[in-house]
Amino acid sequence: MAHARYTLLQRLIHWVVAIIVIGVLAGGLTLGTYGFDGLKNAYGIEVTNFVYKYHKTFGVIILALMTFRLLVRLTQGKPDYDPPISRFEASASKAVHALLYAALLVQPVLGWLATAAGGFPVEFFNSKLPGLIGKDKALSETLYDIHGSVGWLIIALLVLHLGGAMRHWLINRDTVMTRMSLF
Ligand code: HEM
C-alpha cells in the first residue's frame with residue numbers, strides 16, 4: 001500500500017471535523033424541529049440550554065478548524081489518485097469537496113450572525129463571543145432561514161460524499177479510502 005495519502009495533519013483534521021459536524025447537525029436539527037419552547041416543554045430548560053450552548057460552541061470550533069484546514073489544504077495540496085479516477089469522478093468529487101468547504105465555513109457565520117441579530121448570546125463554552133452586529137429581528141429570521149437551508153445542503157453533500165467513499169471502499173476496493181484513513 002505505497003500509494004500517496006493526505007498528510008497526517010490533514011487526515012487528523014478530517015476525522016475531528018467529521019465527528020464534530022455530526023454532533024452539531026444532530027443538535028441543530030433538534031433545535032430546528034422543536035424550537036426553544038418546544039424543547040423546553042419536552043425536556044426542560046437545562047437540556048434546552050445545553051443543546052443551544054454546545055451547538056453554538058462546536059459550530060464556532062468548526063469555523064476555526066475549517067479556516068485552519070483551508071490554509072493547510074492550500075499549502076500542502078492533495079495527493080494524486082493512484083490508480084487515476086475517471087474525469088467525471090474527479091470533477092464530481094472536486095465540486096462536492098469545494099462545496100463542503102464553503103458550506104462549513106459559511107454556516108457557522110450565518111448561525112453566529114442570526115444569533116446576534118436575534119439579541120441572543122453567541123456562547124462559547126461558558127463565555128460569550130462578540131455579537132458583531134446589532135439587534136435586528138427581521139434580519140435574524142432571514143439568517144436563521146438561510147442557516148436551516150444550508151444545514152440541509154450540508155446533509156445532501158454528506159450523503160454524496162459518503163456514497164462516493166463507500167463505493168470506493170466496499171465495491172471498487174481501490175485506494176481512495178486509505179488516502180484519508182488514519183492508520
Ligand atoms: C458548521 C456549523 C453549523 C451547522 C452544520 C449548523 C446546523 C444547524 C441546523 C441544521 C439547524 C436547524 C435549522 C432548522 O432546521 O431550521 C441549526 C439551528 C440553529 N443554529 Fe446552527 N449550525 C452550525 C453553526 C452554528 C453556530 C456557530 C451558531 C451560533 C453561534 C448556530 C446557532 C444556531 C441556532 C441558535 C439554531 C436554532 C434556530 C432555531 O431555534 O430555529 N449554529 N443549525
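We count ligands from 1, going down the list as the structure has it; atoms in each ligand are counted the same way.
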Looking only at protein heavy atoms, which one is nearest to [atom], and how far off is it?
{"atom": "atom 13 (C) of ligand 1", "result": "Gly148 CA, 3.6 Å"}
{"atom": "atom 15 (O) of ligand 1", "result": "Gly32 CA, 3.6 Å"}
{"atom": "atom 10 (C) of ligand 1", "result": "Gly151 CA, 3.9 Å"}
{"atom": "atom 27 (C) of ligand 1", "result": "Pro108 O, 3.5 Å"}
{"atom": "atom 12 (C) of ligand 1", "result": "Gly28 O, 2.9 Å"}

Would you say the ring centroid of Tyr52 lies under 6.0 angstrom from that of Phe120?
->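 Aromatic pair excluded; centres sit 6.0 Å or further apart.
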
Counting each atom of ligand 1 from 1 as listed, which ones have a heavy atom of [X] under 4.0 Å away?
{"X": "Tyr52", "value": "35 (C), 40 (O)"}
{"X": "Ile62", "value": "1 (C), 2 (C)"}
{"X": "Trp112", "value": "28 (C), 29 (C), 30 (C)"}
{"X": "Leu31", "value": "36 (C), 37 (C)"}
{"X": "Val122", "value": "30 (C)"}

Nearest heavy-atom pair of Trp112 and Pro130: which atoms, and what distance?
->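 For Trp112 and Pro130, the tightest heavy-atom pair comes out as NE1-O, 3.0 Å.
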
If you take all heavy atoms of Met180 and Arg69, which pair is closest and at what distance?
->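 Taking Met180 first and Arg69 second, the nearest heavy atoms are CE-NH2, 4.4 Å.
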
Side chain proximity check, [X] to [Y], heavy atoms < 4.5 angstrom:
{"X": "Leu29", "Y": "Trp152", "answer": "yes"}
{"X": "Leu158", "Y": "Leu25", "answer": "yes"}
{"X": "Ser93", "Y": "Phe88", "answer": "no"}

Any Lys/Arg nitrogen of Glu123 or Lys56 sitting under 4.0 Å from an Asp/Glu carboxylate oxygen of the other?
->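 Yes, Glu123 and Lys56 are salt-bridged.
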
Charged N to carboxylate O under 4.0 angstrom, Glu46 versus Lys40?
->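 No, this pair does not count.
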
Would you indicate which of Gln107, Glu141, His55, His147 comes nearest to atom 5 (C) of ligand 1 when only heavy atoms are counted?
->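 Selected option, by shortest heavy-atom distance: Gln107.
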
Nearest non-hydrogen atom to atom 35 (C) of ligand 1 belongs to which of Trp152, Tyr144, Phe120?
->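 Considering heavy atoms of Trp152, Tyr144, Phe120, the nearest to atom 35 (C) of ligand 1 sits in Tyr144.
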
Proximity to ligand 1 by part of Phe36, non-hydrogen separation under 4.0 Å =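 Answer for Phe36: neither.
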
Kindly assign one of parallel, tilted or perpendicular to the pair Phe58 and Tyr54, based on the angle between their ring planes and the thresholds 30° and 60°.
->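 Tilted: the ring planes of Phe58 and Tyr54 meet at 30° to 60°.
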
